[in-house]
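All remarks here apply to the structure that follows.
Within every chain, numbering begins at 1; the chains are lettered A, B, ... in the order of the sequence lines, protein sequences first and strands thereafter. These numbers were taken from a predicted model, which means no experiment stands behind them.
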There are 2 protein chains.
Amino acid sequence: MNAIFSFNVTRLLAALSMSLDYTREGLTSHHRRVTYIALSLGQKMNLSSEKMYTLFCASTLHDIGAITFADKHKLANIEIVSPEVHCEKGYQFLKGMSQFHHSALIIRHHHHRWNQPAPDIDSDLLTLSYLIHLADRIEVLLTPSYILSQRKCVIDKIRKLFGSYFPPEYEDLLLETVKKESFWLDLESIYLDNIIENMLIPTPHIEMRSQEIKDIASIFASIIDSKSRFTHRHSSLVCATSKELARLAGFSGEQTAQMEVAGLLHDLGKLSVPESILEKQGSLTPEEYDFIKQHTYHTYHILNHIPGFSTIAEWAAYHHERLDGCGYPFHIDGASLSTGSRIVAVADIFSALAEDRPYRLGMKQEKITDILQKMVKGKGIDGDLATLLLDHYDTFDHLKNSLSS
Amino acid sequence: MNAIFSFNVTRLLAALSMSLDYTREGLTSHHRRVTYIALSLGQKMNLSSEKMYTLFCASTLHDIGAITFADKHKLANIEIVSPEVHCEKGYQFLKGMSQFHHSALIIRHHHHRWNQPAPDIDSDLLTLSYLIHLADRIEVLLTPSYILSQRKCVIDKIRKLFGSYFPPEYEDLLLETVKKESFWLDLESIYLDNIIENMLIPTPHIEMRSQEIKDIASIFASIIDSKSRFTHRHSSLVCATSKELARLAGFSGEQTAQMEVAGLLHDLGKLSVPESILEKQGSLTPEEYDFIKQHTYHTYHILNHIPGFSTIAEWAAYHHERLDGCGYPFHIDGASLSTGSRIVAVADIFSALAEDRPYRLGMKQEKITDILQKMVKGKGIDGDLATLLLDHYDTFDHLKNSLSS
């Protein structure tokens, strides 16, 4: 199974990038704005459309190495302690994918200062690192007050950094770029995504194999799983379990490939939940539980915004819905829950029960069987799929063991 | 010229509705949220797709009668003094268009209280008025704090109003609707427009004559012009002047029809500017001038978001750009300014100079000629178009006089 999709990678990355923009303060626009600023500077520099696309990829994912709300909070100041940590982490996430090899290098150096010894990287790529660094430092200076009133203050602060943080010759480039009122108004436009897309015309026509889409999904699965030490490898196990259940249920090769992506990304919306809640020992307050309930909402809407991903979005995001309609957050019932969605629900429960957690070992077959059967009786999950899993218990147990070894 | 367009009216209204959502606090989501809440209630009520569409139209425009920031501010409290003023004004704006006859009636009664004598209106329409009233009162109770934490407080307050404001039998409908976490999360989703569009599937296939599009544009032109007593009929004069200039410049019938819409809506973004700035006597501070500069930015982006309106958006919104690139807010220069955009720029200047204002009479031909010629020399406006206007001065003078009589 390695079909070639001609794919709108721009939309895919823009959507996934949104999952990186949740912070203690809710959804921010950090990645989108940095992308817009960097591309605006790139336009003024007359970068080729190929380089503009590389700049888009790198800036859209530039803080992929800052995963927890605590990590992100540290980066929101103009002076940062040890920025290289998230740069290196971001590099490690992306370097394995040939599609993102350049982006990985650019991200690795996106806090490199011009007055420090030049790193061992192609100078064309370093240029793009500088643009992202400059864009990033502008973005963190923006406040919620009226955007056009902030111009002087922001630019005055940034100008002091040319010759140390940034190459001196970029100063004129910046001043040319920021003199348009529309540059600033774009930064708070509700149409910023469209504006960014229009900056990439001609739209790069990127072909991706389904393996490559799975690779990107795997990167985000690692990010999700590393947000909390409680859920180490959870996304991988849900992916493997869902895939095997789909195969046993007679899904086609293409459907099974989609199921893998759905499994890997089913908890994508957890990136919107404070880690203090994900890791809380003991029971949650109703408000904390509300934050948990929002995670599959965001999984759905982020994925559904990617062209061609509507089925994956449903399969991934409905895993806390119940056949009796009492799940969350959409309260969809059995009449509307597809087999794909039911598979991920069963796989998620099996995985959660079978996995070791820091505060308990994974449950044994007997206990898991008992719980699943009760959930079937209670009209929570699909009986046929639960039976399918229990009938092939050794297969699923083996999957779990191979992933946790 | 009365071509029939098969037109996405949903997008047209959603975009224009955004211009109604600017307040002292910047861009709000009042109309979008009220629309979403009303449609959610309508879905629970199993309204026909035809009624859902009518409900969409009425809720998307429900506060069209509240024009100034001061008017809007008054409506943001749960208890409102004299809500009937903006209801009646909204009715007057819309009643003349057969397309919006029902919407006009619904809007007229969207603050009608159930325990008051029933107004003389079809009960099916009154149902939709109640839904909008209910949605509207929920929306004004929402605060910027975490959305899921507000549920109880908002619903407790609203429940007290059944049997007085709202029909008692709507209480269960509301409780059914609000139990989904997704209902609340949708309210602050950046994808709310898409979510609303999906609630109207099957998408109503509405045919509009170009005359009807012009009629809607005329309604918004009246709204723009009535925001400030300084600009009484300004949009109409810019429309008439642009149309005549386009005709003289050899534009086709279809292009001239587009030009009329561009002329009517060229100042649409002024709805984002505080009236205190629009009406200020004496010179503006730099910050106040920034607010003025944002108006054509918003004209552009609101119109450009309507499918098929990209040309109209350019013509309408570039009227403060200059051939030397020193205009605002996009700093586009002569190489990129189309004839259509140049026409509206010349028409806007001519109209502003020729119109009477509360603090001065309109200028005479000689003065206007002098100013236009200086602007041509200064590379502000197009010389050929200025000459065309001056060569046919009597025609344009007559247009002005007929509109101000």
_Straight-line distance of B:Ser182 OG to A:Ile332 CD1, nearest 0.5 Å_ = 7.5 Å
*asked:* Let me confirm one number: the NE2-CD distance from A:His331 to B:Glu176, rounded to the nearest 0.5 Å.
replied: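 Those atoms lie 10.0 Å apart.
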What part of [X] is in contact with chain A, defined as an atom under 4.5 angstrom from a non-hydrogen atom: side chain, backbone, both or neither?
X	answer
B:Asp186	both
B:Ile195	side chain
B:Ile190	side chain

_Nearest atoms (heavy-atom pairs only) where B:Phe330 meets A:Lys180_ = O-CD, 3.4 Å
_Can you tell me which of A:Tyr300, A:Tyr191, A:Tyr328 forms the most heavy-atom pairs within a distance under 4.5 Å of chain B?_
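Among A:Tyr300, A:Tyr191, A:Tyr328, the one with the most close pairs to chain B is A:Tyr191.
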*asked:* Would you say NZ of B:Lys280 has more than 12 non-hydrogen atoms from neighbouring residues, nucleotides or ligands within 6.0 angstrom?
replied: yes
*asked:* Under a 4.5 Å cutoff for heavy-atom pairs, which residue among B:Arg151, B:Glu287, B:Met18, B:Glu181 has the most contacts with chain A?
replied: B:Glu181
*What are the residues of residues 290-299 of chain A, in order of number, with any heavy atom under 4.5 angstrom from a heavy atom of chain B?*
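Expected list: A:Asp290, A:Phe291, A:Lys293, A:Gln294, A:Tyr297.
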